[in-house]
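Shown next, in structure tokens, is the structure this report addresses.
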Amino acid sequence: MVTMRDVAALAGVSITTVSHVINETRPVAGDTRERVQKAIDETGYTGDAIARSLVMGGTKSLGLAVSLVSHPYFAELIAAIESEATRNGYSLVLIDTRDTPESEQTAVRTLRSRRVDGLLLTPSAGTGGSLVLPELKRLNIPTVLVDRLTVAKDIDQVGPENVQATSGLVKHLAELGHRRIGIVCGQVGVATTEERILGYRLGLGRAGLKWDEALVSQSGWLAPLLDQEDPATAVVAADHLVTVGMLHEARARGLKLGTDLAVVAYDEVEWATLIEPPLTTLAQPVEEIGRTAVKLLLSRIANPERPPETIRLAPSLRHRQSCGC
């Protein structure tokens, strides 16, 4: 294993000088710094991050605990978080929570064992982070909740605005004359799902339409809304994966979007304009959510006593023709 002593010998400097270059603890002359950096490159020296953390008081790393489902939204979110972390001189340690409370707790403890300077967490379904949040608060671990938020006021969190946005989708469909408006949701117990159902219900009320539980499918399937005596004529898809399933079902039934069935979707998809008719969506500000989460966490690390913040970022409507316009 290459050591700091090896780097110092190759560069012709002291071990202390190498340490100052690596840790930026003291100014080092330009030509000396170049020799040290060249020696590091030639030897492939990486150092001991844990040992360095004991000296520097931090590892310059952030932990991200999230369910690594095959969902384009999370892939884009992770990319945004990593980009912002790197821009601020931090590395990102990513671990899968598998969307279960037990795995989430194990994931968070693993990240803590890596001595990360702070944690970004997307709480698992149905728990609101209940298994790990009390522990993180008790230990004063800098933490930011991302995407799936809670009603708690004592923790930093950032995610999309779901209630008013979904209400707006329902309102739009109602203004087009639809009276049987349904919603298809995916994962039960997830905060974003619950908030979008709440927004759906709010939109119905604002449009003067009655709540009908038969028009809410939490199975992820469109079929229950179409197989009724009085079927839905318009549907809100609560996320990307639900949208894909709905489109398959509509095609299997020979339904034309915007004519036989009006469809609007929460979550922009890259192929929204490639289908016919193009899909009306709510595009989440994913990159901004990721950047803001990292900024909140770094602010918490720098100032542990500042008041917690909850930031909700509104999605933008991409108005196309699947809604029937």
H319: what forms a ring-ring contact (aromatic ring centres under 6.0 Å, His included) with it, not counting sequence neighbours?
-> H172
Joining Ile, Leu, Val, Met, Phe, Trp and Tyr whenever any side-chain heavy atoms lie under 4.5 Å apart, the cluster holding L274 also takes in V184, L222, L225, L226, V235, V242, V244, M246, L247, L255, L257, L261, V263, V269, W271, I275, L279
Residues that S167 engages under side chain to side chain donor-acceptor pair (under 3.5 Å), provided they are two or more places apart | R206
Partners meeting side chain to side chain contact (heavy atoms under 4.5 Å, CB included) with T259 (sequence neighbours left out) | K256
Using side chain to side chain contact (heavy atoms under 4.5 Å, CB included) as the criterion, list what pairs up with T106, not counting sequence neighbours.
-> T110
Check side chain to side chain contact (heavy atoms under 4.5 Å, CB included) between A79 and all other residues, then give those that pass, not counting sequence neighbours.
-> none
Under the 4.5 Å side-chain heavy-atom rule for ILVMFWY, direct or indirect, which residues accompany L198?
-> V163, L202
Show which side-chain atoms of residues 28-40 pair as donor or acceptor with protein atoms under 3.5 Å away, not counting sequence neighbours.
{"unit_1": "R35", "atom_1": "NE", "unit_2": "A11", "atom_2": "O", "d": "3.0"}
{"unit_1": "Q37", "atom_1": "NE2", "unit_2": "D41", "atom_2": "OD1", "d": "3.3"}

Which residue pairs satisfy the side-chain hydrogen bond (donor to acceptor under 3.5 Å, both in side chains) criterion with at least one member in residues 231-244, sequence neighbours excluded?
-> H178-T233
Is the number of heavy atoms from other residues, nucleotides or ligands within 6.0 Å of CZ (R5) greater than 12?
-> no
What ring pair (Phe, Tyr, Trp, His ring centres under 6.0 Å) pairs are there with at least one residue in residues 286-306, not counting sequence neighbours?
-> none
Residues which pass side chain to side chain contact (heavy atoms under 4.5 Å, CB included) with A223, listed by chain and number, not counting sequence neighbours | D227, E249, R253
Check: residues 285-292 side-chain donor-acceptor pairs under 3.5 Å, at least two apart:
{"unit_1": "E287", "atom_1": "OE2", "unit_2": "R291", "atom_2": "NH1", "d": "3.1"}
{"unit_1": "T292", "atom_1": "OG1", "unit_2": "E288", "atom_2": "O", "d": "2.7"}

